[in-house]
Amino acid sequence: MTSPRPAAPGNALLGLLLGILVLAEAGLAALGALVWSACHRHSITAAEAASFTVLGVSAAAGAVITLLALIAVVRGRHGHRLARAAAGLHFARLLGLVVATVLIAGQLGIAAVAGLTETFALALAGVEVLGALYATTVVARRTRPT
């Protein structure tokens with residue numbers, strides 16, 4: 001029986017960075033949950049909460065998907081299919097963010113996405129999705145069997 005091969009030197013750092021990304025996404029999900037709670041207590045309107053709710057839901061999904069990418073890094077070359085699936089799910093998340101923004105603007109009015117804080121929340125969600133998509137693409141490349 002042979003012992004398992006040690007992970008590539010850069011994979012430990014990549015795993016650490018993915019772990020930090022999972023924690024950051026969990027924090028954004030918590031922020032979205034706080035805004036959702038404030039909306040249900042009638043402290044803020046639905047139009048004010050919509051963008052932050054989209055940010056929170058997207059970040060919660062992103063935390064789970066990025067955790068899959070972290071598992072792929074740990075599995076090494078055996079995690080390539082999982083890494084490719086995670087990259088595809090992050091791409092679907094990006095498309096979902098665009099669709100959600102259009103739906104919010106259509107249902108609640110353009111003011112629900114055009115205010116300063118609303119635009120910031122959607123821009124933050126977009127940057128976070130693009131960063132996670134890039135990270136999982138790197139994981140897919142690093143875990144590709146030779």
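The first residue in the sequence is number 1, and the count goes up from there.
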For the CG atom on L116, are there more than 12 heavy atoms of other groups (residues, nucleotides or ligands in this structure) within a distance under 6.0 Å? no
More than 12 foreign heavy atoms under 6.0 Å from CZ of R84: is that the case here? no
Distance from [X] atom [atom1] to [Y] atom [atom2], nearest 0.5 Å?
X: R144; Y: R77; atom1: CZ; atom2: CZ; answer: 9.5 Å
X: I65; Y: L21; atom1: CD1; atom2: CG; answer: 11.0 Å
X: T137; Y: L130; atom1: OG1; atom2: CG; answer: 10.5 Å
X: L23; Y: L18; atom1: CG; atom2: CG; answer: 11.0 Å
X: L108; Y: S51; atom1: CG; atom2: OG; answer: 9.0 Å
X: H90; Y: L68; atom1: NE2; atom2: CG; answer: 8.5 Å

If every non-hydrogen atom of [X] is compared with every non-hydrogen atom of [Y], which pair is closest and at what distance?
X: S58; Y: V129; result: OG-CG2, 3.7 Å
X: V113; Y: A105; result: CG2-CB, 4.0 Å
X: A69; Y: T136; result: CB-CG2, 3.5 Å
X: A72; Y: L82; result: N-CD2, 3.9 Å
X: A112; Y: E118; result: O-CG, 3.2 Å
X: A121; Y: L55; result: O-CD1, 4.0 Å

Determine whether [X] and [Y] fall in the same hydrophobic cluster, where Ile, Leu, Val, Met, Phe, Trp and Tyr are linked whenever their side-chain heavy atoms lie under 4.5 Å apart.
X: L31; Y: I104; value: no
X: L70; Y: Y134; value: yes
X: V54; Y: W36; value: no
X: L28; Y: L133; value: no
X: I71; Y: L13; value: no

Indicate yes or no for a side-chain donor-acceptor contact from [X] to the backbone of [Y] under 3.5 Å, with no hydrogens or angles considered.
X: T53; Y: A49; result: yes
X: T45; Y: C39; result: no
X: T143; Y: H78; result: no

Which is it for R142 and N11 under the side chain to side chain contact (heavy atoms under 4.5 Å, CB included) test, yes or no, and what are the steps along the way? CA-CA 8 Å; R142 289 266 179 105; N11 284 354; 3.6 Å; yes
Evaluate side chain to side chain contact (heavy atoms under 4.5 Å, CB included) for R81 paired with R75, printing each intermediate quantity in order. CA-CA 11 Å; R81 292 176 77 173; R75 292 189 68 197; over 6 Å; no
Do the side chains of T117 and F52 get nearer than 4.5 Å, heavy atoms only?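 Yes; the side chains approach each other to less than 4.5 Å.
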Find out whether E48 and V35 are in side-chain contact, i.e. whether some heavy atom of one side chain is under 4.5 Å from a heavy atom of the other. no
